[in-house]
Amino acid sequence: MNADLYAVLASGVVGGIISAIASGIVEYKKLKDSEAYQAEKDEREQIEFYRQKWLEDEDQIDKLRDELRTLKDKEK
């Protein structure tokens with residue numbers, strides 16, 4: 001009798017887990033296609049673009065400072 005009860009409970013737990021996973025996948029697909037997700041994704045891409053541009057500009061500034069320092073040293 002206990003074995004049958006455990007089998008029923010185990011199958012219920014497994015069914016619940018499968019149901020939760022399936023629901024999660026469906027909700028993820030809905031979210032992925034939503035406008036809010038797309039807007040957030042665009043914003044993240046813009047942030048990354050401008051961050052990369054800022055880093056490149058910082059590198060250029062450092063390069064110019066080094067060049068200026070080198071020219072000043074040559075004058076002395």
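Atoms considered below: every heavy atom in the structure, side chains included; atoms not considered: hydrogens, waters and symmetry mates. For the single chain, residues carry numbers from 1 onward in sequence order.
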Legend entry - Given Glu43, Glu48, Lys41, the one that forms side-chain contact (heavy atoms from CB on, under 4.5 Å) with Glu45: Lys41
Legend entry - Atom pair CZ/CG of Arg69 and Asp73 - distance to nearest 0.5 Å: 8.0 Å
Inset, instruction - Output all residues satisfying side chain to side chain donor-acceptor pair (under 3.5 Å) with Asp59, sequence neighbours left out; order by chain, then residue number. - result: none
Inset, instruction - Would you list the pairs meeting salt bridge (Lys or Arg N to Asp or Glu O under 4.0 Å) in which at least one residue belongs to residues 17-28, sequence neighbours left out? - result: Glu27-Lys30
Legend entry - Residues in salt bridge (charged side-chain N to carboxylate O under 4.0 Å, His left out) contact with Arg65, at least two apart in sequence or another chain: none
Distance-only donor-acceptor pairs under 3.5 Å for side chains of residues 11-26, two or more places apart:
from, atom 1, to, atom 2, distance (Å)
Ser11, OG, Ala7, O, 3.3
Ser11, OG, Val8, O, 2.9
Ser23, OG, Ser19, O, 3.0

Legend entry - Other ILVMFWY residues reachable from Leu68 by side-chain steps of under 4.5 Å: none
Legend entry - For Glu40, all residues meeting side-chain contact (heavy atoms from CB on, under 4.5 Å), sequence neighbours excluded: Arg44
Inset, instruction - Quick one: list whatever passes side-chain contact (heavy atoms from CB on, under 4.5 Å) with Lys53, sequence neighbours left out. - result: Phe49, Asp57
Legend entry - Nonpolar side-chain network containing Ile47, other nodes, edges under 4.5 Å: none
Inset, instruction - Look at atom OH of Tyr37 and say whether more than 12 heavy atoms of other residues, nucleotides or ligands are closer to it than 6.0 Å. - result: yes
Legend entry - Those residues that, when tested against Glu56, pass side-chain contact (heavy atoms from CB on, under 4.5 Å) (two or more places apart): Gln52
Legend entry - With Lys63 via side-chain contact (heavy atoms from CB on, under 4.5 Å) - residues at least two apart: Gln60
Legend entry - Interatomic distance, Trp54 atom CH2 to Ile61 atom CD1 [nearest 0.5 angstrom]: 9.5 Å
